[in-house]
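For reference, the structure is listed below as structure tokens.
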Amino acid sequence: MGDIVPANRAPRPGGIEINDLFNWFTFAERDLPWRAGDVTPWQIVVSEFMLQQTPVTRVLPVWPEWIARWPTPSATAAASQADVLRAWGKLGYPRRAKRLHECAAVIAREFADTVPDDVDTLEQLPGIGSYTARAVACFAYRKPVPVVDTNVRRVVARAVHGQAEPGNPSAKRDHADVAALLPGPDQAARFSAALMELGAIVCTARAPRCEACPLQHTCRWRLDGSPPSTAPKRPTQRYAGTDRQVRGRLLDVLRDNPVAVTRADLDVAWTVDVIQRERALASLLQDGLVEELADGRYSLPGQDRNDSTASR
DNA sequence: AACACGTGGAG
DNA sequence: TCTCCAAGTGT
């Protein structure tokens, strides 16, 4: 309810005033579909998979269609890998789609189609790591656990520690940092959602909008004059020409073709470096994202095979 | 611990 | 154009 902090008390540097944060969140919160009241824990799991390393704007059009098509773990598990990979589309990191599919199968088979609610069990599931396990426990089941993603790490680094950027991820330290800030159990989920939201739309990595920040009067970094990062910037690897790009091109061909394709069809997708193309294809086969048929053609795993042979 | 793993929008 | 980076996970 009311602010219990005396009005004449000076703001405490390095603190996060929960009233300031909540007041801001009340009007600033984005109306994201996976935050609606009738969204199930599984559907929240799907959103978390899609949001791993992927901007909200790219997930926005995909999630609703996915949920409408496969609303439960068992429905998802019943789909073919090919259908799942196609529905994933260009979200990136297709291994996530495969793991989501596997995760659905485990939950359907071993957990009676019900998403587990505790962090330790969640972390054992395919594709669910430290962040996603806590996000699901918190946002789907309202468990008061620290939820630490890149946004939270950045907000804490600045507001609490006065650092422009978070240091290297350390699960132990990161969780302790946030656990120390967590309000009572009934407010923990809202607190984490607000902290993530703040990092996503105000306390951004590139150009933070400190004038619009509800924490500007207590943010230690801001109070210290927003000192630049002292961390040495490691050389960034270019994407163009990497195996990742080649894998993406090969998968593009397979996604776009409703029937299995020939080796020649794949070969034209990347001609600049044959060795690299071979390596990329081998890794896709290894990852189970591509399947080689008995006749030497290739397709997404589990794809319907009665195609070109039937037309002969 | 460091690195691989997609994609595309923003500045 | 080119760099940065977006709700991480697995090895």
Side-chain angles (χ1 to χ4, degrees), chain A residues 29-30 32-35 43-63 85 88-100 102-103 122-140 146-156 164-172 174 178 189 192-201 203-209 229 231 233-255 269-270 276 279-280 282-284 286-290:
Chain A
E29 179 180 12
R30 290 170 295 179
L32 303 176
W34 44 87
R35 286 175 174 164
Q43 293 164 357
I44 288 176
V45 168
V46 174
S47 75
E48 294 298 344
F49 267 82
M50 291 182 173
L51 288 162
Q52 289 169 2
Q53 295 287 284
T54 305
V56 165
T57 52
R58 297 242 303 281
V59 174
L60 241 21
V62 181
W63 183 84
L85 286 169
W88 192 260
K90 307 277 285 185
L91 279 181
Y93 292 140
R95 294 195 295 191
R96 288 182 296 161
K98 181 176 170 59
R99 291 180 186 137
L100 177 58
E102 293 165 355
C103 182
L122 284 163
E123 276 196 273
Q124 300 300 118
L125 296 170
I128 294 189
S130 177
Y131 161 75
T132 303
R134 287 168 178 78
V136 171
C138 175
F139 301 135
V147 180
V148 183
D149 73 335
T150 185
N151 290 308
V152 171
R153 280 167 38 72
R154 187 173 53 248
V155 171
V156 170
E165 298 172 12
N168 297 323
S170 159
K172 208 177 192 73
D174 294 341
V178 174
S192 284
L195 219 48
M196 286 175 63
E197 192 78 338
L198 187 67
I201 64 183
C203 192
T204 54
R206 191 90 59 111
R209 301 167 48 230
S229 170
K233 51 175 80 74
R234 61 172 185 72
T236 64
Q237 193 199 17
R238 191 172 303 288
Y239 173 66
T242 61
D243 286 10
R244 279 150 84 175
Q245 185 183 29
V246 182
R247 284 166 56 104
R249 291 290 179 80
L250 295 176
L251 234 31
D252 261 346
V253 173
L254 296 169
R255 267 194 304 259
W270 191 265
Q276 185 181 36
R279 186 168 63 233
S283 73
L284 287 170
Q286 174 69 37
D287 288 349
L289 293 172
V290 174

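Not measured: the values here are computed from a predicted model. Chain A is the first sequence line, chain B the second, and so forth, proteins listed ahead of strands; every chain is numbered from 1.
Here the separation of C:dA7 from B:dG11, taken at their P atoms, is 15 Å to the nearest Å. Comparing the same atom, P, in C:dT9 and in B:dG8 gives a spacing of 23 Å after rounding to whole Å.
Partners of A:R238 according to the salt bridge (charged side-chain N to carboxylate O under 4.0 Å, His left out) rule, which considers only residues two or more places apart in sequence or in another chain, do not exist here. Under the side chain to side chain donor-acceptor pair (under 3.5 Å) criterion, A:N151 pairs with A:D149, A:R154, not counting sequence neighbours. Taking the salt bridge (charged side-chain N to carboxylate O under 4.0 Å, His left out) definition, one finds that A:E123 meets it with A:R134, sequence neighbours left out. For A:R255, the salt bridge (charged side-chain N to carboxylate O under 4.0 Å, His left out) partners are A:D252, not counting sequence neighbours.
To the nearest angstrom, P of C:dC5 lies 13 Å from CZ of A:R153. Atom CD in A:E165 sits roughly 11 Å away from atom P in C:dC4 (whole-Å rounding). Taking atom CZ of residue A:F139 and atom C1' of nucleotide C:dA7, one finds them 8 Å apart after rounding to whole Å. As a whole-Å value, the separation of A:R238 CZ from C:dC4 P is 10 Å. Rounded to an integer number of Å, the gap from CG of A:L100 to C1' of C:dG10 is 16 Å. Whole-Å rounding puts the A:D149 CG to C:dC5 P distance at 15 Å. Nucleotide C:dG8 holds its P atom 15 Å from the CZ atom of A:R134, rounded to whole Å. To the nearest angstrom, C1' of C:dA7 lies 15 Å from CG of A:D174.
Applying the salt bridge (charged side-chain N to carboxylate O under 4.0 Å, His left out) test to residues at least two apart or on different chains, none of the pairs has a partner in residues 45-63 of chain A.
Contact annotation for A:L32: base contact, defined as any heavy-atom pair under 4.0 Å involving a base atom. Counting any heavy atom pair closer than 4.0 Å across all strands shown, A:W88 reaches no nucleic acid atom. As judged by a 4.0 angstrom heavy-atom cut-off over every strand, A:A200 is placed among residues touching the sugar-phosphate backbone only. Nucleic acid contact class of A:A205 (heavy atoms, under 4.0 Å, all strands): sugar-phosphate only. When heavy atoms are screened at a 4.0 angstrom cut-off, A:T132 is found touching the sugar-phosphate backbone but no base atom.
The pair A:R279-A:D243 meets the salt-bridge criterion, since a charged nitrogen lies less than 4.0 angstrom from a carboxylate oxygen.
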Which parts of nucleotides 4-11 of chain B does protein reach within less than 4.0 Å, heavy atoms only, written one letter per nucleotide 5' to 3' as B for base, S for sugar-phosphate only and - for none?
-> BBBBSB-S

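A residue-by-residue look at A:L51 and A:L125 shows that A:L51 has its nearest nucleotide of DNA chain C further toward the 5' end.
A:W270 and A:Q276 share a donor-acceptor pair across their side chains, judged by distance under 3.5 Å alone.
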